[in-house]
Amino acid sequence: MKFLGNVLWMICGGFIEAAAWFIYGLLFCITIIGIPMGKQCFKFASLSFAPFGKEIRYGGHTASFIANILWLIFCGFEMAILNILLGLALCVTIIGIPVRQAVF
């Protein structure tokens, strides 16, 4: 079932979202300060490419709070808009509704 969910997700927008995360990861890795955030973007890219069957663990501490603020400033709003647009596009089709709800 995980395989089928991942295939449907890739077809219904997961590839676009993973590509966006990958591009942001490359942009963050341009600077030395941004490399840790770039590595996290690559993790999000792999999660966005095939989300079914994966578990997310949060290891929050002060450094992650600061990184979250920087992420929000530099790419958070663009990724939020991308997710909203993908969600609206998926809700147009019958197949897309359960796929989008299962991921987010």
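Worth saying up front: this structure is predicted, and the values here are computed from it rather than measured.
By the ring-ring contact (aromatic ring centres under 6.0 Å, His included) test, Phe49 pairs with no residue at all, sequence neighbours left out. Contacts of Phe44 classified as ring-ring contact (aromatic ring centres under 6.0 Å, His included), with partners at least two apart in sequence or in another chain: Trp21. With sequence neighbours excluded, the residues that form a side-chain contact (heavy atoms from CB on, under 4.5 Å) with Leu27 are Ile23, Tyr24, Ile30. In this view, Ile69 and Phe65, Ile73 satisfy the side-chain contact (heavy atoms from CB on, under 4.5 Å) rule, not counting sequence neighbours. Every side-chain contact (heavy atoms from CB on, under 4.5 Å) that Leu72 has, sequence neighbours left out, goes to Phe77. Shown here are the side-chain contact (heavy atoms from CB on, under 4.5 Å) partners of Phe42, two or more places apart in sequence or in another chain: Phe22, Leu26, Cys29.
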- Task: Go through the steps for Phe28 and Cys75 under the test side-chain contact (heavy atoms from CB on, under 4.5 Å), then give the verdict.
- Result: CA-CA 10 Å; Phe28 274 121; Cys75 72; 3.8 Å; yes
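Listed by chain and number, the hydrophobic cluster partners of Leu85 are Ile81, where partners are ILVMFWY side chains within reach of under 4.5 Å, directly or through others.
Residues Ile16 and Leu82 are in side-chain contact: their nearest non-hydrogen atoms beyond the backbone lie under 4.5 Å apart.
For Leu4, the CG atom sits in a packed shell: over 12 heavy atoms of surrounding residues, nucleotides or ligands are nearer than 6.0 Å.
The minimum heavy-atom distance between Pro36 and Ile33, with the atom names listed, is CD-O, 3.4 Å.
Interatomic distance, Ile84 CD1 to Met79 CE, rounded to the nearest 0.5 Å: 12.0 Å.
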